[in-house]
Amino acid sequence: MIIAGSRDKKLSIYNLDSFSHKIIEGEFFVYAVAISPDNRLIVYGDNEKYNLKVIDSKAFEKKFLLKGHKNIVNKIIFLNNKVVISGSESGEIKKWRLK
């Protein structure tokens with residue numbers, strides 16, 4: 001899978017196995033995105049409150065809402081399928097455990 005955010009408030013998801021493409025309309029600029037190592041979860045920043053949304057990559061349903069950043073999140077990575085690290089413009093770093 002390939003995912004990409006954009007300044008036009010869209011998250012694009014490309015599935016190379018099925019040759020399918022999905023666009024999710026966001027609320028705000030999609031600055032940062034990440035996909036889990038098993039391709040099951042997608043994380044992206046999507047609002048002015050600096051929250052991160054975690055969605056299922058198959059059904060595109062929201063699984064988690066990660067709240068707590070105080071500035072724009074510009075880096076997201078998965079350490080494994082259950083742990084996400086995010087960093088903001090202010091240098092703030094957060095570690096999230098998904099259950």
Side-chain angles (χ1 to χ4, degrees):
M1 294 191 90
I2 298 172
I3 57 173
S6 69
R7 292 185 150 217
D8 64 354
K9 301 179 182 179
K10 293 178 183 171
L11 172 69
S12 296
I13 304 164
Y14 301 90
N15 186 323
L16 301 177
D17 291 332
S18 65
F19 300 105
S20 61
H21 176 241
K22 172 81 173 167
I23 294 177
I24 296 175
E25 296 285 338
E27 299 171 28
F28 193 66
F29 304 131
V30 181
Y31 283 104
V33 297
I35 190 162
S36 63
D38 64 3
N39 288 339
R40 291 185 180 175
L41 297 176
I42 295 170
V43 180
Y44 64 104
D46 180 38
N47 63 32
E48 297 175 54
K49 296 178 183 170
Y50 318 120
N51 297 332
L52 302 175
K53 292 181 182 176
V54 181
I55 62 170
D56 178 279
S57 67
K58 305 269 188 256
F60 307 109
E61 296 172 348
K62 186 172 79 174
K63 296 294 217 176
F64 304 98
L65 183 63
L66 309 177
K67 298 181 179 183
H69 274 290
K70 295 175 179 56
N71 209 321
I72 294 171
V73 175
N74 53 17
K75 183 68 175 176
I76 307 169
I77 61 169
F78 273 87
L79 290 182
N80 57 45
N81 293 320
K82 295 290 183 182
V83 178
V84 175
I85 303 290
S86 58
S88 71
E89 286 184 347
S90 63
E92 177 183 37
I93 297 172
K94 294 209 176 277
K95 182 177 183 180
W96 312 91
R97 283 183 171 65
L98 308 177
K99 296 183 180 188

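Computed from a predicted model, the values in this text were never measured in an experiment.
- When all heavy atoms of G68 and E92 are compared, the closest pair comes out as O-OE2, 3.8 Å.
- The structure places NZ of K10 at 13.0 Å from CG of D46, a figure rounded to the nearest 0.5 Å.
- Rounding to the nearest 0.5 angstrom, the gap separating the CG atom in N80 from the CG atom in L98 is 9.0 Å.
- Here the CZ-CD1 distance, from R40 to I35, works out to 12.0 Å after rounding to the nearest 0.5 Å.
- Nearest approach of K99 to F64, heavy atoms of both residues: O-CZ, 2.9 Å.
- Taken to the nearest 0.5 Å, the CZ atom of F60 stands 4.5 Å off from the CD1 atom of I13.
- Here the closest non-hydrogen pair linking V84 and F78 is CG2-CE2, 3.5 Å.
- How far CD1 of I55 is from CG of L11: 5.5 Å, rounded to the nearest 0.5 Å.
- Put simply, the side chain of N15 never gets that close to the backbone of M1: no donor and acceptor are under 3.5 Å apart.
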Could you walk me through whether S12 and I23 pass side chain to side chain contact (heavy atoms under 4.5 Å, CB included), step by step? CA-CA 5 Å; S12 296; I23 294 177; 4.0 Å; yes
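- When all heavy atoms of L41 and D56 are compared, the closest pair comes out as CD2-CA, 4.4 Å.
- Linking Ile, Leu, Val, Met, Phe, Trp and Tyr residues whenever their side-chain heavy atoms come within less than 4.5 Å leaves V30 and I2 in two separate clusters.
- To the nearest 0.5 Å, atom NZ of residue K70 and atom OG of residue S90 are 9.0 Å apart.
- Between Y31 and F29, the two ring planes are perpendicular [angle over 60°; tilted spans 30° to 60°].
- Side-chain atoms of S57 come within 3.5 Å of backbone N or O of N39 as a donor-acceptor pair.
- W96 places none of its side-chain heavy atoms less than 4.5 Å from the side chain of V43.
- Across every non-hydrogen atom of H69 and S86, the tightest pair is NE2-OG, 2.7 Å.
- Heavy-atom contacts from other residues, nucleotides or ligands closer than 6.0 Å to NZ of K94 number more than 12.
- The nearest pair of heavy atoms linking L65 to K67 is CD2-CE, 3.4 Å.
- Residues I24 and Y44 form a side-chain contact, since some pair of their non-hydrogen atoms from C-beta on lies under 4.5 Å apart.
- Linking Ile, Leu, Val, Met, Phe, Trp and Tyr whenever their side-chain heavy atoms come within less than 4.5 Å puts V54 and V73 in one cluster.
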